[in-house]
Every structure is written in C-alpha cells, then in structure tokens.
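Numbers restart at 1 for each chain; the letters A, B, ... are given by sequence-line order, proteins then strands. Every value quoted in this text rests on a predicted model; they were computed, and no experiment measured them.
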Amino acid sequence: MFDIYDDLQQRGLVHQTTDDGLQSWLNAQPRTVYVGFDPTADSMHVGHLMGLMTLHRFQLAGHKPIALVGGATGMIGDPSGKSQERNLLSVDELRQNTEAMAEQMRSFLDFDNGENAAELVNNLDWMQGFSYIEFLRDIGKNFPVNVMMGKDSVKSRLDRTDSGLSYTEFSYMLLQAYDFAHLNQQFGCEIQAGGSDQWGNITAGIDLGRRMHSVSLYGLTWPLLTKSDGAKMGKTESGAIWLSPERTSPYKFYQYWINVADDDAGKCLRFLTDLSLEEIENLDRSREDEPHRRESQKKLAESVTCIVHGDSGLHAAIKATEVLFGAEIENLTDAELLDIFADVPSVEISPDRLSGGELSMIDMLVESGLCSSKGESRRTIEQGGGYINNRRVDSLDRVLSVDDLASETVIVLRRGKKKFALARFPS
RNA sequence: GGUGGGUUUCCCGAGCGGUCAAAGGGGUCAGACUGUAAAUCUGAUGGCACAGCCUUCGAAGGUUCGAAUCCUUCACCCACCA
C-alpha cells in the first residue's frame with residue numbers, strides 16, 4: 001500500500017476534500033472508494049479518463065475501487081455543470097450504454113485480483129425496486145429543501161431565465177446521495193470521488209449517510225481537466241475523443257495526445273498516466289530544454305493509448321503515424337494501406353478512368369471530398385497543397401495513371417498537411 | 001400609431017449609377033518557418049468550359065445603354081416620438 005493521498009496531491013489531483021484528516025484515514029487501512037459514471041453514450045470519452053484513472057490509482061495503492069454506472073441516475077440527468085435541461089434517454093439506450101461502458105472499464109480496473117478487486121455496480125439494480133412513496137418517506141425526508149437550494153448546481157440554474165430546472169433534475173442529487181449511502185451499507189464504501197462539479201452531490205451523500213446510518217463518509221474531488229486556452233480537454237472541432245475504437249480510431253486517439261500543447265502536457269501526464277513523478281519531472285525538463293523533441297507528448301500519447309487500446313492499438317497508431325508523416329508512400333499492400341488509413345474517407349472509382357488517362361488531379365481532389373469545388377481544387381494545387389502518395393503535385397494538368405498506385409488498387413491523396421483521402425480502384 | 005435608419009459575399013463591415021465578384025477586418029484554406037506546436041510571414045478565399053463566361057448585394061417589379069447603388073411595393077430588424 002502506498003500513500004494515495006500524497007500521490008494524488010503531488011499530481012495536482014486534489015481539488016477539495018471533506019475532511020482534513022483524509023490522508024491519515026486513507027493510510028490507516030485499505031478503504032473502499034467509488035466514482036460514478038453516467039451512461040450518456042455507448043462509449044466513454046476523454047472526459048471520463050480522470051475518473052477511471054483515479055479509481056485505477058486507488059486500486060494500485062491497495063484500496064478497493066467501485067465503478068458505479070448510473071443506469072438509474074442516467075435516466076434523470078445530472079444538472080451539475082449543465083446550463084440546460086437534458087434530454088432523457090430511453091431505457092433501451094441506457095441499458096446498451098451501460099453495458100458498453102462496463103466493458104471499457106476493464107482496461108483500467110482489475111476485477112479479479114482478490115483482496116481489493118474492483119467492483120462494477122449499476123444503481124438501477126437498487127433503485128428500480130423503490131416505489132415513489134417509499135423513496136419519499138425513507139430518503140426524501142432526509143433532505144432539507146433549503147439546503148438543496150443552496151447548492152451551486154441548483155442555484156446557477158435557478159438564476160437563469162432562459163432555461164429552468166425541472167423537478168426531475170432537482171431530485172437528481174437525492175439519487176446520487178442514496179447511491180453513496182447504499183454502497184456504504186453493501187460494500188463498506190466510505191469515500192466518493194468525483195470531478196469538482198460533483199462536490200454538491202458528494203456532500204449530499206455524506207449528509208444522507210450520517211442521517212440514515214450515522215456513519216462518517218468522506219469526499220474528494222479532482223480539478224476539471226481543461227486546456228490552457230480554457231477549452232475542455234478531449235474536444236476537437238469534429239467532436240469528442242472517444243475511448244471506443246469504433247468512434248475514435250486508435251490512430252486519431254494517439255494523434256490527439258501527440259498534438260497536446262506544451263502548456264497542457266505536464267498536467268495531462270500527471271493526471272492521465274501512471275508515470276512516476278520523477279519521470280514526469282524529467283519530461284518537464286525536456287519540454288523546457290529541448291521542446292522540439294516532444295518527449296512529453298510522445299510519452300503521453302503512448303501511455304494513454306496503451307491503456308485504452310492495448311499494445312496492438314498503440315502499435316497500429318504508431319505505424320500509421322510513421323506512414324502518414326513519413327516520406328513518399330509506395331510499395332505497400334492494399335491491406336496495409338486500408339488498415340493504416342482506416343479512418344480516412346475513401347472513394348471508389350472505376351479503374352477504367354485511371355488507365356484511360358482521363359482522371360485529372362483537379363477532379364480527383366473534388367471527388368475524394370478533399371476540395372468542395374474545382375476552383376478550390378485548382379487553388380490548392382497552385383499553392384502547392386495537393387499531394388499524391390505524399391509527393392507534391394506541381395502541375396495543374398497532372399493526370400493520374402496506374403503508375404500512381406501506392407498499392408495494388410489504392411492511391412493516397414492528401415490536401416495540405418494532415419488531410420488525407422484514399423482513392424480505390426478495385427479491378 | 002407617427003417619423004427616421006437599416007437588410008451586402010462564411011461573420012463583421014465599406015460601397016451609394018459604370019473602373020464591383022464587390023475595400024478592410026475576422027474566420028477558413030494553402031505555403032514558408034518550426035517541434036505534426038504556438039507566434040509570425042506570404043498567398044488564396046462565389047461557380048465554371050478560368051486572360052473569358054455565369055450567378056450573387058432581404059424579395060418582387062420598374063427606370064436606365066448600364067444598378068449592390070435610383071424608383072415602387074412587400075417582408076423582417078433597429079432608433080426616436082406616442
């Protein structure tokens with residue numbers, strides 16, 4: 001067992017705690033900690049990494065982690081940090097999402113290592129048996145509305161004139177609070193961790209535990225992971241970065257971390273990797289002294305991709321990176337190319353047009369979707385932004401031929417630095 | 001209800017009878033530099049059969065050799081007065 005509090009503290013992961021004695025309490029004996037995840041989609045995304053890694057660390061330190069998937073709370077929608085009432089998901093969607101997320105947890109937590117094996121629970125299991133009357137009598141009775149009204153998550157919504165807060169969302173914290181009390185009874189769980197926006201819900205659970213069972217519970221929040229420019233980590237113009245390879249390919253996932261700004265790299269390394277503090281400090285120094293080597297980003301991308309996608313996913317991502325950012329592409333097989341460019345859009349074109357010498361680069365860029373009009377295509381080529389197999393096209397009249405095939409039937413097109421498309425000419 | 005002002009290309013915003021596909025800025029896209037970064041610099045930025053042609057300036061009509069620019073009607077927005 002190592003000092004988890006000290007570890008979290010040094011990594012900057014302690015935002016708020018409910019008790020100053022938390023550190024010694026944690027070190028006294030193995031404890032059971034829980035973090036909740038709402039099943040809002042059929043995959044988790046980068047935003048969930050903080051919670052997953054926190055549980056992961058607790059487990060490494062010798063404590064018992066419980067990952068709670070909110071099958072029940074997900075039906076309500078947490079108003080914390082949300083500016084608008086949420087749309088309700090269907091029971092069916094929630095069930096699928098819950099299962100998919102549970103599967104993804106396996107990369108982060110060990111569910112069968114005996115002593116402090118992780119537990120996976122779904123609050124729907126204990127919530128669905130409740131009748132409304134029962135819940136009001138047993139649970140609701142313990143919540144003073146005036147206290148609830150004081151919570152930031154509620155207050156901020158009441159202050160808005162453009163979007164209110166439904167009774168349903170207002171009641172959300174009762175459900176989450178009950179989860180904590182319930183896990184305490186069932187698993188002896190005594191501490192709940194969460195993002196800083198969960199503070200209100202966590203303390204509500206602690207209050208409930210004291211009122212219902214006279215137990216002392218603890219809470220811990222981590223800071224929100226944001227970028228130095230204020231934006232949310234894990235969001236790109238094209239949407240969130242997901243953990244599921246179907247939604248975000250390992251290559252894209254890897255690239256996201258490779259491209260993390262220097263200013264954010266240190267934080268990400270501390271929050272999202274298992275690297276020792278000593279290693280991280282070395283990387284900090286490397287970023288300072290030889291930033292061009294980007295050791296931090298490489299290490300970060302490697303580490304995070306590996307835990308999410310495993311060794312094979314990591315290797316695929318690195319291989320793809322080498323090809324995409326390497327020299328001219330040639331002498332590869334279709335299989336290799338299609339694998340590497342798995343998440344690149346592709347168009348299928350009749351091979352006759354290739355052998356007939358009638359397929360111009362101008363048309364090709366438009367047909368592949370890299371350019372939206374011939375004018376744009378023309379411009380791109382004129383400015384040196386059009387590439388075939390990573391080799392720049394220098395003439396507006398360039399016509400594609402069978403000699404341009406990078407593999408049996410594929411030509412790799414590129415616009416600018418990073419936008420690729422595949423043209424396939426199946427025979 | 002009355003009187004003025006507005007509606008411009010992705011956004012903001014100039015233009016006020018021909019030299020207007022329409023200044024300038026932002027954004028975006030390419031290029032250079034670089035570290036697959038940031039900053040910076042350069043170029044591009046309606047479509048096409050691209051030294052030319054076609055379609056755009058709230059909508060529909062009209063005046064004129066010619067209109068984003070003038071007139072009429074309609075729609076929406078803003079300001080001031082009731």
- Touch check for Y387(A), heavy atoms < 4.0 angstrom, all strands: base, sugar-phosphate only, or nothing? sugar-phosphate
Any base atoms under 4.0 Å from R414(A), or only sugar-phosphate, or nothing? Heavy atoms, all strands. nothing
Separation of A37(B) atom C1' from K227(A) atom NZ, nearest Å, is 12 Å
Winner on side-chain proximity to K417(A), out of A30(B), A32(B), G35(B), is A32(B)
Practice item. Output yes when at least one side-chain N/O atom of K374(A) is less than 4.0 Å from OP1 or OP2 of A49(B), else no. Key: yes
To the nearest 0.5 Å, atom OG of S107(A) lies from atom CE of M44(A) at 8.0 Å
C80(B) -> Watson-Crick or G-U wobble partner, both distances under 3.5 Å, gives G2(B)
When you compare G24(B) with G31(B), how far apart are their P atoms, in angstrom units rounded to a whole number? 24 Å
**Request:** Examine G46(B): is either OP1 or OP2 under 4.0 Å from a nitrogen or oxygen in the side chain of R379(A)? Give yes or no.
**Result:** no
When rounded to whole Å, the CG to C1' distance for the pair L396(A) and A49(B) reads 15 Å
Whichever of A261(A) and G375(A) has the more 5' nearest nucleotide on RNA chain B, that residue is A261(A)
With the side chain defined as heavy atoms from C-beta on, F325(A) is closest, among U36(B), A32(B), G35(B), to U36(B)
As its Watson-Crick or G-U partner within any shown strand, both distances under 3.5 Å, G35(B) has none
task: Please measure how far the P atom in C16(B) lies from the corresponding atom in C70(B), and state the result in whole Å.
output: 10 Å
The residue, G416(A) or N259(A), whose nearest nucleotide of RNA chain B is more 5′ is G416(A)
A59(B) -> Watson-Crick or G-U wobble partner, both distances under 3.5 Å, gives U73(B)
From CG of D289(A) across to P of G35(B) the rounded distance in Å is 16 Å
message: Taking A60(B) as the reference, what is the distance to A75(B) when you measure between their C1' atoms (whole Å, please)?
response: 11 Å
Result for salt bridge (charged side-chain N to carboxylate O under 4.0 Å, His left out) between D284(A) and one of K299(A), K267(A), R270(A) points to R270(A)
- Query: How would you label the contact of R294(A) with the nucleic acid (heavy atoms, under 4.0 Å): base, sugar-phosphate, or nothing?
  - Reply: base
In Watson-Crick or G-U wobble terms, with both distances under 3.5 Å, the base opposite C53(B) is G47(B)
When the P atoms of A23(B) and C57(B) are considered, how many whole Å apart are they? 16 Å
In whole angstroms, the gap separating P of A30(B) from CG of L365(A) amounts to 11 Å
The residue among E190(A), E119(A), E115(A) that forms salt bridge (charged side-chain N to carboxylate O under 4.0 Å, His left out) with K64(A) is E119(A)
For the P atoms, the ones on A14(B) and on U63(B), what distance do you get once it is rounded to whole angstrom? 32 Å
Here the distance between atom P of U34(B) and atom CG of D262(A), to the nearest Å, is 17 Å
Using OP1 and OP2 only, check whether a side-chain N or O of K419(A) sits under 4.0 Å from A30(B).
yes
From CD of E382(A) across to C1' of A44(B) the rounded distance in Å is 9 Å
Side-chain donor or acceptor of Q297(A) under 3.5 Å from a matching atom on the base of U36(B)?
-> no
Indicate the ring-plane relationship of F253(A) and H309(A), choosing parallel, tilted or perpendicular according to the 30° and 60° boundaries. perpendicular
Separation of G35(B) atom C1' from K299(A) atom NZ, nearest Å, is 19 Å
(Q) Within the 4.0 Å heavy-atom criterion, would you say Q255(A) contacts the bases, only the backbone, or no part of the nucleic acid? (A) base
In this structure, OG of S368(A) is separated from CG of L370(A) (nearest 0.5 Å) by 3.5 Å
Heavy atoms under 4.0 Å, any strand shown: does R293(A) hit a base, just sugar-phosphate, or nothing?
nothing
Pairing partner of U42(B), by Watson-Crick or G-U wobble and under 3.5 Å for both distances, is A30(B)
Rounded to whole Å, the CZ-C1' distance (R415(A) to U45(B)) equals 10 Å
Check your understanding: On a whole-Å scale, what distance lies between the C1' atoms belonging to U8(B) and G46(B)?
Key -> 14 Å
Check your understanding: With a cut-off of under 6.0 Å to the ring centre and 45° to the axis, is R11(A) in cation-pi contact with F271(A)?
Key -> no
* Asked: On a whole-Å scale, what distance lies between the C1' atoms belonging to C53(B) and G6(B)?
  -> 34 Å
So, is T380(A) near the phosphate of A44(B), with a side-chain N or O under 4.0 Å from OP1 or OP2? no
If I pick the C1' atom on A39(B) and the same atom on A51(B), what distance separates them, to the nearest angstrom? 39 Å
*If we only count heavy atoms from C-beta on, is the M101(A) to S43(A) side-chain gap below 4.5 Å?*
no
(message) Using 30° and 60° as the class boundaries, would you call the ring planes of F170(A) and Y167(A) parallel, tilted or perpendicular?
(response) tilted
